[in-house]
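Worksheet: one structure, shown below.
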Amino acid sequence: MHTTKLTKVGNSTGITIPRDVLAEAHLDRGDEVTLSVRDGRIEIAKSDDTYSKAMDAGRAFSTRYRRAMAVLAK
């Protein structure tokens, strides 16, 4: 088990993760990760590429059809 401190990063809070912990989790600098909270614990996992692609498609759809969606929402 490793211990580290939370640090201020701009208006947010950051954490440094030791290299050996990243290696064990098969993560590297620049990887996209997801954060979730379960039972008071923060879980960090490598982002699922399928989920990211679906979210990008949803964002593109909502941007392209925002006027139609606003009319339908009335």
Side-chain angles (χ1 to χ4, degrees):
M1 180 178 281
H2 295 276
T3 303
T4 188
K5 289 186 177 184
L6 298 174
T7 58
K8 182 176 171 82
V9 179
N11 290 328
S12 299
T13 301
I15 187 170
T16 55
I17 303 173
R19 188 177 303 166
D20 57 327
V21 173
L22 289 174
E24 191 173 334
H26 305 288
L27 293 170
D28 201 1
R29 239 181 242 156
D31 286 348
E32 189 170 319
V33 296
T34 58
L35 301 174
S36 58
V37 178
R38 293 183 192 187
D39 299 323
R41 294 174 181 256
I42 299 171
E43 295 181 357
I44 303 171
K46 197 168 209 170
S47 182
D48 180 10
D49 194 41
T50 304
Y51 176 79
S52 295
K53 286 181 181 179
M55 290 301 292
D56 289 342
R59 285 186 198 99
F61 178 88
S62 65
T63 299
R64 183 173 181 176
Y65 298 106
R66 80 174 184 279
R67 288 184 184 149
M69 297 298 284
V71 170
L72 291 171
K74 291 182 181 180

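Just so it is clear, the values below take in all heavy atoms, side chains as well, and ignore hydrogens, waters and symmetry mates. Everything numeric in this text was worked out from a predicted model, so none of it was measured.
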Check this for me: does any side-chain nitrogen of one of Lys53 and Asp56 sit under 4.0 Å from a carboxylate oxygen of the other?
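Looking at Lys53 and Asp56, the cut-off is not met.
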
Can you tell me how far apart [atom1] ([X]) and [atom2] ([Y]) are? Round to the nearest 0.5 Å.
X: Leu35; Y: Ile42; atom1: CG; atom2: CD1; answer: 7.5 Å
X: Arg29; Y: Leu27; atom1: CZ; atom2: CG; answer: 13.0 Å
X: Ile44; Y: Asp31; atom1: CD1; atom2: CG; answer: 12.0 Å

Can you confirm whether the side chains of Thr16 and Thr4 place a donor and an acceptor under 3.5 Å from each other?
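Looking only at side-chain atoms, Thr4 and Thr16 do form a donor-acceptor pair, the distance falling under 3.5 Å.
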
Would you check if Ser47 and Val33 make a side-chain contact, meaning some heavy-atom pair closer than 4.5 Å?
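No - every pair of side-chain heavy atoms lies 4.5 Å or more apart.
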
Give the minimum heavy-atom separation between His26 and Lys46, together with the two atoms involved.
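In terms of heavy atoms, the two residues are closest at O-NZ, 3.5 Å.
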
Which pairs, with at least one residue in residues 7-28 and sequence neighbours excluded, count as a salt bridge (charged side-chain N to carboxylate O under 4.0 Å, His left out)?
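Salt bridge (charged side-chain N to carboxylate O under 4.0 Å, His left out) check on residues 7-28 returns no pairs.
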
Spell out, yes or no, whether Leu72 and Phe61 are grouped together once hydrophobic residues are joined by side-chain heavy atoms under 4.5 Å, including indirect joins.
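Per the 4.5 Å side-chain linkage, Leu72 and Phe61 are not co-clustered.
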
